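Okay, so here's the structure we're looking at.
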Amino acid sequence: MRPLKFLLIKEFKQIFRNKTLLPMIFVMPLVQLLIMPLAADYEVKNINISIIDNDHSTFSHRLSSKIAASKYFRLIENEQSFKGAYQKIESNEADLILEIPYRFEENIYRTGSQQVFIAVNAINGTKASLGGSYLSSIIRDFNGSIQPEIKFSAPSSPLKRIELSAINWFNPYLNYKVFMVPAILVILVTMVGAYMCGLNIVKEKEVGTIEQINVSPIKKHHYILGKLIPFLVIGLIVFSIGFFIISWGVYGIVPQGSLLLLYAYLALFLIAILGFGLLISTYSETQQQAMSVSFFFMMVFILMSGLFTSIDAMPAWAKVIAYANPVTYFIEVMRMVVLKGSTFQHITQHVLIMLGFATLFNVWAILNYRKTA
Amino acid sequence: MDAKNIVISAQDLTKQFGDFTAVDQITFEVYGGEIFGFLGANGAGKTTAMRMLCGLSKPSGGKASVAGFDIYREPEQIKRNIGYMSQKFSLYEDLTIKENIQFFGGIYGLSDRVLKEKSTDLIQQLGLAEHAHTLVGSLPLGWKQKLAFSVAIIHQPSIVFLDEPTGGVDPITRRQFWDLIYEAADQGITIFVTTHYMDEAEYCNRISMMVDGKIAALDSPTALKQEFAAETMDDVFFQLARQAKRKSD
């Protein structure tokens with residue numbers, strides 16, 4: 001173990017002398033965690049709506065102002081005709097058109113029912129579908145509020161509705177930050193692990209210092225451990241800064257589960273992902289190669305991890321990729337332990353799988369690292 | 001010099017890269033304590049041969065043993081007993097002189113006490129006491145080379161391999177460098193050195209000349225000059241190197 005001690009001393013000295021690496025390690029998580037969650041938000045606000053009111057009645061005015069009062073919609077000027085409103089859609093000024101027909105109020109009083117027309121600009125899919133459903137729910141609500149008034153005049157409407165009242169567990173206000181911040185933290189740790197460590201070894205290849213190591217009796221696993229341990233420590237530091245200062249301090253996300261369990265899983269994940277970085281480095285001759293290959297895998301890891309999209313909604317082939325991705329498991333564990341307070345029993349399977357990844361990548365890296373060309 | 005004590009022996013040692021035969025069935029022996037010069041034009045196969053002997057490169061054929069260990073079966077034992085200084089400077093430029101010495105001493109398993117003594121002695125000997133805490137990257141090339149040599153023999157190996165150790169170094173520093181080599185040889189370390197400088201070739205006990213991956217001549221400088229009826233080693237080199245068919249790089 002003595003050579004390992006010298007390898008570690010050397011590695012830490014080099015890291016702390018690196019004028020670019022050190023700020024990256026500490027500043028990157030702070031900045032990214034403060035900025036990214038603000039953008040990574042599924043909620044759609046400021047939907048531009050154009051209302052064509054052909055009725056100009058009390059009810060139609062009430063509906064218009066109800067929509068305008070909601071925080072999701074922004075009422076752009078009222079149009080007189082559908083044609084005018086459609087031009088607004090074409091010029092991208094409006095996302096939604098609501099047309100209230102002539103005799104809207106009268107028909108409601110007389111028959112107890114009336115249709116309105118909604119047209120949606122579906123260029124931006126998320127905005128369109130969410131906007132459409134927000135608008136439907138506002139209209140449903142409006143519907144409910146006028147029921148008592150029309151009961152007197154329209155006795156023949158036995159409208160019975162079942163109200164659904166949903167409770168969102170573990171994130172009661174559907175705050176996307178609560179959902180996203182822990183997951184973004186995972187991505188940050190992944191980048192630190194996979195990039196920095198892998199590039200470090202390739203740099204030694206480029207500079208030629210690895211020759212001097214290869215000609216010494218140093219054991220392969222000592223050398224690999226000497227690279228892995230420092231970056232494991234850095235990964236833990238980056239995570240702690242992000243977790244305690246930003247996630248807890250700034251966003252107020254108080255972990256529900258055991259911190260010990262979380263850190264144990266983090267360490268396991270870091271070993272796996274560092275092993276992956278090391279593996280890439282054993283195949284690369286230059287930092288450029290290592291960077292490109294890492295970048296490719298990083299994109300797959302991030303996009304196929306269930307970070308932005310639900311894995312359950314993926315097609316079968318994509319699910320296979322998602323479940324062959326170590327990042328997927330850590331994001332799940334983060335969300336489970338931090339938000340739900342899951343215990344070891346709940347994540348046993350995740351632990352076993354990550355153990356598999358860690359073993360696979362590191363053993364492969366050690367076997368593929370050759371002192372003799 | 002004890003002629004019977006063979007520390008390196010190569011038999012038909014060959015290295016092929018695809019169709020190209022970099023080292024073509026070379027056979028030679030190096031005796032304990034001698035300074036063995038390994039000469040040849042650029043691209044003659046010197047570095048490849050040396051890398052095979054150091055266990056950095058797997059031979060394609062032939063046999064060889066270094067310090068009594070087989071290069072196929074016991075490369076790690078060989079590594080324990082040799083020092084190596086590559087053509088390209090390969091100490092850590094972002095570590096200080098002292099830190100480099102301690103690191104390389106440490107990975108060869110020197111104890112803390114020995115390590116402390118060694119590093120103090122070595123820094124004194126090289127006259128670098130004032131610069132012990134200077135980053136190696138900021139040193140002039142000549143100092144770097146001397147430091148690299150001292151680090152290569154810090155663990156008292158029985159053989160040290162030097163690949164063009166004085167390339168790009170001024171004549172005074174080269175002279176000082178050879179003083180270091182003689183000192184090491186006096187301590188019983190066998191020196192295996194490649195060079196392009198023919199004056200340095202004269203300092204060697206024996207010389208082998210490589211041409212197109214083969215050993216074209218092997219003897220003491222005096223004997224070689226006689227054999228080729230040459231005044232200087234330069235002449236010997238020209239006569240042999242001119243036979244080369246392979247283009248130098």
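To find a chain, count down the sequence lines: A is the first, B the second, and so on, and within it residues start at 1. As the structure is a computational prediction, the values presented were derived from the model and not from experiment.
For B:F89, the part lying near chain A is the backbone, with the side chain staying farther off; criterion is any non-hydrogen pair under 4.5 Å. When heavy atoms are compared at a cutoff of 4.5 Å, B:E99 approaches chain A solely by way of its side chain, counted from C-beta outward. For A:I9, no part sits under 4.5 Å from any heavy atom of chain B, backbone or side chain. Both the backbone and the side chain of A:V215 come within contact range of chain B, each with at least one heavy atom under 4.5 Å from a heavy atom of that chain. If you measure heavy-atom distances from B:I78 to chain A, you find no contacts under 4.5 Å at all.
With chain B as the partner, the residue from A:N18, A:L7, A:T209 showing the most heavy-atom pairs under 4.5 Å is A:T209. Per-residue counts of heavy-atom pairs under 4.5 Å with chain A were compared for B:F161, B:Y84, B:F104, B:Y92; the largest is that of B:Y92. Ranked by heavy-atom pairs shorter than 4.5 Å toward chain B, the options A:E204, A:Q14, A:K5 are led by A:Q14.
In summary, the side chains of B:E200 and B:T166 do present a donor paired with an acceptor at a separation below 3.5 Å, with no hydrogens or angles considered.
Contacts from residues 110-131 of chain B to chain A, taken as heavy-atom pairs separated by less than 4.5 Å, involve B:L110, B:S111, B:D112, B:L115 in sequence order. Of residues 65-75 of chain B, not one residue has a non-hydrogen atom less than 4.5 Å from any non-hydrogen atom of chain A.
Aromatic ring pairs are classed by plane angle as parallel below 30°, tilted from 30° to 60° and perpendicular above 60°; the pair A:F301 and A:F297 is tilted. Ring geometry for A:Y263 versus A:F239: interplanar angle over 60°, hence perpendicular rather than tilted (30 to 60°). A parallel orientation is assigned to the rings of A:F16 and A:F12, their planes being inclined by less than 30° (bins at 30° and 60°). In this pair, B:Y108 and B:H155 present their aromatic rings parallel. The plane angle is below 30°, not in the 30 to 60° band. Note on ring orientation: taking the six-membered ring where Trp is involved, the planes of B:F28 and B:F38 are tilted (angle from 30° to 60°).
The side chain to side chain donor-acceptor pair (under 3.5 Å) test applied to A:Y283 returns A:W364, not counting sequence neighbours. Listed by chain and number, the residues in a side chain to side chain donor-acceptor pair (under 3.5 Å) with A:Y369 are A:N214 (sequence neighbours excluded).
Checked for salt-bridge contact, B:K214 and B:D24 meet the test: a charged N lies under 4.0 Å from a carboxylate O. Salt bridge annotation for A:E206-A:K203: absent, with no cationic side-chain nitrogen under 4.0 angstrom from a carboxylate oxygen.
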For A:E211 and B:K88, what are the C-alpha separation, side-chain angles and deciding distance, and is it a salt bridge (Lys or Arg N to Asp or Glu O under 4.0 Å)?
CA-CA 9 Å; A:E211 287 274 272; B:K88 199 172 166 190; over 6 Å; no

After noting the C-alpha distance and the side-chain angles of B:S60 and B:Q16, does the key distance pass the side chain to side chain donor-acceptor pair (under 3.5 Å) rule?
CA-CA 6 Å; B:S60 319; B:Q16 284 180 306; 4.9 Å; no

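No donor-acceptor pair closer than 3.5 Å links the side chain of A:K219 to the backbone N or O of A:P3.
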